[in-house]
Structures are given as C-alpha cells and as structure tokens.
Amino acid sequence: SQRAVAAVTSIKYVILNPSLLPSFGFLFDIDGVLVRGRTPIPAARAAFGKLVNPQGQFLVPVVFVTNAGNCLRQKKAEQLSHLLGISQDQVMMSHSPLRMFKRYHKKCVLVSGQGPLLDIAQDLGFCQPITIDTLREKRPLLDAVDHDRRPNVLVSEISVVLFGEPVRWETSLQLIIDVLLTSGYPGNPYGQENYPHIPVLACNMDLMWVAEAQSPRFGHGTFMVCLENIYKKITGKDLKYEALMGKPSRLTYQYAEHLIRAQALQRSWEQPIQTLYAVGDNVMTDVYGANLYNRYLQESCPRARLQAAGLGDTELAPAAAARCRSVLVCTGVYDPHSEVALPSGDSVAENVFHGHRDFSFDPALVEPDHIVPDVDAAVDLVFQLENFAPR
C-alpha cells in the first residue's frame with residue numbers, strides 16, 4: 001500500500017539522512033559529573049534519558065573517562081549500571097591505553113598500586129606481571145649479593161608500570177628505586193651507568209583527590225613526586241617516563257577518541273566524528289586535558305600526532321577529530337558559589353600549578369569553552385550546538 005511505502009521511505013530517511021547521524025561524541029568524567037561517591041547525581045538520569053533511544057541504545061558515541069586505576073573496567077561499568085546499561089567497552093580507566101603498548105606485553109613488568117593488580121595487568125595484555133609484594137617476598141636481603149641464589153623473578157628486559165598510589169609507600173619507593181638503579185636486578189650494587197634507566201609507564205597523575213575528608217587527600221601524583229625526587233637526589237638525573245596516562249595526558253584523549261570511533265563503526269554511523277565534547281568538573285584535569293588535546297589536534301599532522309603520543313608502533317590509528325571542546329559542570333570539584341573563583345591563568349601562575357612535572361603550564365588551557373550547571377545541561381548545550389535532534 002501507499003502507506004507502507006511511505007513508512008519504509010520515512011525509515012530510510014531517518015537512517016540515511018546525514019543530518020540525523022552524529023558527527024560528535026561525548027567524553028564524560030564520572031566522579032562529580034555522574035556520581036558523588038556512590039550516589040548518582042540527579043541530572044545524570046535526565047541526561048541519559050536524552051542520550052539513549054527507547055531500546056536503550058546510545059544515540060551518539062559515548063565514553064566514560066576516569067582517572068581511577070585500582071579496578072578492572074568491568075567493575076567500573078558495573079558501578080555505573082544503576083544509571084543505565086553501560087558496556088565495559090565504553091569505560092576508560094587511567095590504565096586503558098596500556099592495551100596499545102604491545103611491545104611491553106611479553107616482557108616482565110613490575111606493577112605498583114593497589115587493588116587486583118595482577119588481574120588488571122593481565123586484562124591489559126601483560127603476560128608476566130610481578131607485584132611489589134612478590135618482589136619483596138622473593139628477594140630476601142641475604143640473596144642480594146649471591147648471584148647464583150638469586151630467584152628467577154626479574155630479568156633484564158623489564159619495565160615498571162605505576163597503576164596508582166600503593167598502600168605502603170616506603171616499600172614501593174625503595175624497591176622501585178632498587179629496580180631502576182640495577183636495571184632489573186635489585187640487590188645488586190647501584191650502578192651509575194644504568195641510565196637511561198629501564199622503561200617506566202605511569203597512570204593517573206592527580207596530585208590530590210577529594211574524598212569524605214574536608215581537605216584533599218594525596219593522589220598518585222604525590223607518590224610520583226616522591227619517586228622522581230628520590231631518584232634525582234640519588235643520581236642527579238631526571239626520572240624519565242616512556243608514557244604518562246590519565247587526564248590531562250593527550251594520550252588518554254587520543255585513546256578515548258579511538259574508542260569513540262570504534263563505537264561509531266560498530267553502529268554503522270558513517271558520518272566522520274569531527275568534534276569531541278569532554279564534560280568534567282575539574283579545571284586542572286578535565287578542562288586542561290581537553291584544551292591540550294584540542295591544541296594538539298589543531299597543530300599536528302596525523303603522523304606527527306601518533307609519534308608525539310608515543311604510539312608510533314602500536315595499533316592505535318592517528319587522531320582524526322577536528323576539535324575537542326571542554327565543558328565544565330558545577331556538580332563536583334568546581335563550585336561557582338564558593339568564595340574561590342574559577343582560577344584564571346594568571347592566578348594559577350602566581351600561586352602553584354598542581355600538574356605533573358612534565359606538563360608545562362599555559363593560562364589558556366584552564367579556560368573552559370563552556371560552563372553549565374550539570375551534565376543534563378551539558379547534553380542540551382551540545383545537542384543545540386550540533387543542531388542534533390535525534391527524535
């Protein structure tokens with residue numbers, strides 16, 4: 001009948017009309033944007049109601065980006081399941097980009113942090129992970145100088161992976177320094193010739209984080225400051241990183257873009273993803289990182305992008321987005337009603353920059369493109385900017 005033909009034509013138009021296909025994607029922070037502790041922020045439910053269709057499918061590609069690194073991404077996805085059904089492939093932990101560093105997967109790696117470290121390392125693709133506790137147990141002091149009795153725990157081709165802050169900092173600091181200064185054979189005498197040292201990869205550079213206490217608590221970035229300064233005090237040289245992951249690292253945003261494009265491909269959305277909208281509550285991580293990545297997109301050619309990110313020999317494709325926009329919400333770290341104003345570039349420069357040692361400060365990077373009350377308003381804003389009306 002004519003009515004049936006018209007219906008089919010209408011369906012084809014909805015599917016094929018490029019104006020109804022997303023050319024953008026969302027990068028959502030979790031803590032302070034979607035939840036506070038274990039409590040969902042009310043605006044998150046409203047936002048998700050606009051992001052999914054009646055069948056529960058996302059209308060645009062979405063990745064949830066957190067600097068947490070003490071659990072598997074499956075666990076984080078389960079924690080978010082009370083908001084809506086989320087696939088683990090949409091969740092990006094601070095350590096997720098390590099999946100692309102395949103050149104280290106067959107090597108022995110010493111892992112530092114807390115939580116199910118071996119499970120995390122193996123899930124990322126590492127075949128020979130060793131924890132600090134294992135190293136401590138297998139390297140008794142008396143075996144240190146007897147080469148014949150050294151347990152076969154570490155080999156010369158070893159790397160150090162820092163997932164997050166450990167529980168016993170003094171033990172981890174001591175043994176990591178031992179490994180670095182002996183090229184993987186702790187217990188041997190320190191050697192000044194062991195430089196450049198064995199590879200170190202670090203996740204989550206947050207100096208501090210907000211918990212139930214009134215004041216911020218030490219984060220993994222503080223542990224890294226300790227490690228860097230101890231190493232330099234002993235050797236007179238800088239500790240070098242093969243890669244730094246977690247916001248605001250551009251490597252994190254490039255991997256997030258990779259996940260966005262994978263979602264679009266899976267849904268057969270042929271419209272190229274041109275714009276990434278990074279929604280977060282922290283000026284020094286979410287805003288700084290999104291603006292840094294946007295600058296990277298504007299200034300680099302595709303090949304240079306991949307090499308600069310330290311991923312020249314991985315399976316990660318070069319960045320392809322045209323821009324990355326920062327959207328700051330007021331439900332977390334940033335509070336517009338507090339007596340402390342949004343930090344300007346000048347005020348941060350005059351006081352102190354809490355970013356990592358290897359990140360140079362630029363006043364323009366802490367200025368958000370947009371400030372909105374909450375994540376629901378962020379979704380409305382982006383849909384308006386993109387002229388996107390899915391229904």
Side-chain angles (χ1 to χ4, degrees), residues 18-29 33 47 50-51 58-65 90 92 96-97 245-265 267 269-311 316-329 334 342 345 355 359-372 375 377-390:
S19 65
L20 299 179
L21 297 177
S23 61
F24 63 96
F26 282 103
L27 309 180
F28 287 117
D29 183 27
V33 175
K50 300 168 183 176
L51 288 170
F58 279 92
L59 299 166
V60 298
V62 172
V63 171
F64 302 92
V65 185
Q90 292 177 280
M92 180 174 171
S96 293
M245 282 153 277
K247 297 175 291 187
S249 166
R250 66 189 179 197
L251 171 57
T252 290
Y253 288 84
Q254 185 164 347
Y255 188 76
E257 182 189 342
H258 164 75
L259 297 181
I260 288 285
R261 292 203 305 271
Q263 284 183 41
L265 180 64
R267 295 290 299 277
W269 290 331
E270 297 181 0
Q271 188 91 330
I273 301 300
Q274 296 292 329
T275 307
L276 303 175
Y277 290 94
V279 182
D281 68 314
N282 193 316
V283 172
M284 289 302 172
T285 55
D286 301 306
V287 172
Y288 183 102
N291 291 344
L292 181 66
Y293 191 58
N294 183 64
R295 179 176 295 178
Y296 173 60
L297 294 175
Q298 304 300 315
E299 295 178 350
S300 302
C301 68
R303 182 178 297 275
R305 290 174 183 174
L306 203 60
Q307 294 295 337
L311 292 171
L316 189 62
R323 62 197 70 87
C324 182
R325 297 290 181 244
S326 54
V327 183
L328 180 66
V329 300
Y334 172 63
L342 180 68
F359 286 73
S360 58
F361 176 72
D362 185 328
L365 296 178
V366 297
E367 302 289 343
D369 292 312
H370 306 280
I371 303 177
V372 294
V375 66
V379 171
D380 287 341
L381 171 68
V382 172
F383 279 8
Q384 180 181 0
L385 291 173
E386 293 291 332
N387 195 25
F388 186 72

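Since the model is a prediction, treat every value here as computed from it, not as a measurement. Only this structure's heavy atoms are used, side chains among them; waters, hydrogens and symmetry mates stay out.
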Heavy-atom closest pair, residues [X] and [Y]:
| X | Y | result |
| --- | --- | --- |
| Ala256 | Val63 | O-CG2, 4.0 Å |
| Gly280 | Asp29 | CA-CB, 3.8 Å |
| Gln254 | Ala319 | NE2-N, 3.7 Å |
| Tyr253 | Thr285 | OH-O, 3.6 Å |
| Ala322 | Gln298 | O-NE2, 2.7 Å |

_Option passing side chain to side chain contact (heavy atoms under 4.5 Å, CB included) with Val329 (candidates Val279, Asn282, Asp286)_ = Val279

Can you sort out the partners of [X] under side-chain contact (heavy atoms from CB on, under 4.5 Å), two or more places apart, ordered by chain and number?
| X | value |
| --- | --- |
| Ser326 | Val287, Ala290, Asn291, Pro368, Asp369 |
| Pro61 | Pro22, Ile260, Gln263, Trp269, Ile273 |
| Leu385 | Tyr277, His370, Leu381 |

Atom pair [atom1] ([X]) and [atom2] ([Y]), whose distance is rounded to the nearest 0.5 Å:
| X | Y | atom1 | atom2 | result |
| --- | --- | --- | --- | --- |
| Leu251 | Tyr293 | CG | OH | 9.5 Å |
| Thr252 | Met92 | OG1 | CE | 4.5 Å |
| Phe64 | Leu27 | CZ | CG | 10.5 Å |

*Using the test ring pair (Phe, Tyr, Trp, His ring centres under 6.0 Å), find all partners of Tyr288 that sit at least two apart in sequence or belong to another chain.*
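With sequence neighbours excluded, Tyr288 shows a ring pair (Phe, Tyr, Trp, His ring centres under 6.0 Å) to Phe353, given in chain and number order.
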
*asked:* I'd like to check the ring pair (Phe, Tyr, Trp, His ring centres under 6.0 Å) partners of Phe359; sequence neighbours left out, ordered by chain and number.
replied: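 Phe359 satisfies ring pair (Phe, Tyr, Trp, His ring centres under 6.0 Å) with no residue once adjacent residues are dropped.
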
*asked:* The criterion is side-chain hydrogen bond (donor to acceptor under 3.5 Å, both in side chains); which residues satisfy it with Arg323, sequence neighbours excluded?
replied: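 Result, side-chain hydrogen bond (donor to acceptor under 3.5 Å, both in side chains) vs Arg323: Thr275.
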
*Under the side-chain hydrogen bond (donor to acceptor under 3.5 Å, both in side chains) test, which residues partner Tyr255, sequence neighbours left out?*
none

*asked:* My understanding is that only residues two or more places apart in sequence, or in another chain, count here; which of them pass salt bridge (Lys or Arg N to Asp or Glu O under 4.0 Å) with Arg325?
replied: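 For Arg325 there are no salt bridge (Lys or Arg N to Asp or Glu O under 4.0 Å) partners, ignoring immediate neighbours.
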
*Apply salt bridge (Lys or Arg N to Asp or Glu O under 4.0 Å) to Asp281 and list each qualifying residue two or more places apart in sequence or on a separate chain.*
none

*Start with the C-alpha distance between Asp362 and Arg295, add both sets of side-chain angles, then the distance that settles side-chain contact (heavy atoms from CB on, under 4.5 Å), and finish with yes or no.*
CA-CA 11 Å; Asp362 185 328; Arg295 179 176 295 178; 2.8 Å; yes

*With the side chain counted from C-beta on, respond yes when Phe383 and Leu51 share a heavy-atom pair under 4.5 Å apart, and no when they do not.*
yes

*Using a 4.5 Å cut-off on heavy atoms from C-beta on, say whether the side chain of Phe28 contacts that of Val379.*
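A side-chain contact exists here, since the closest heavy-atom pair is under 4.5 Å.
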
*Backbone of Ala321 reached by a side-chain donor or acceptor of Glu257 within 3.5 Å*: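 Checking the backbone N and O of Ala321 against the side chain of Glu257, a donor-acceptor pair under 3.5 Å is found.
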
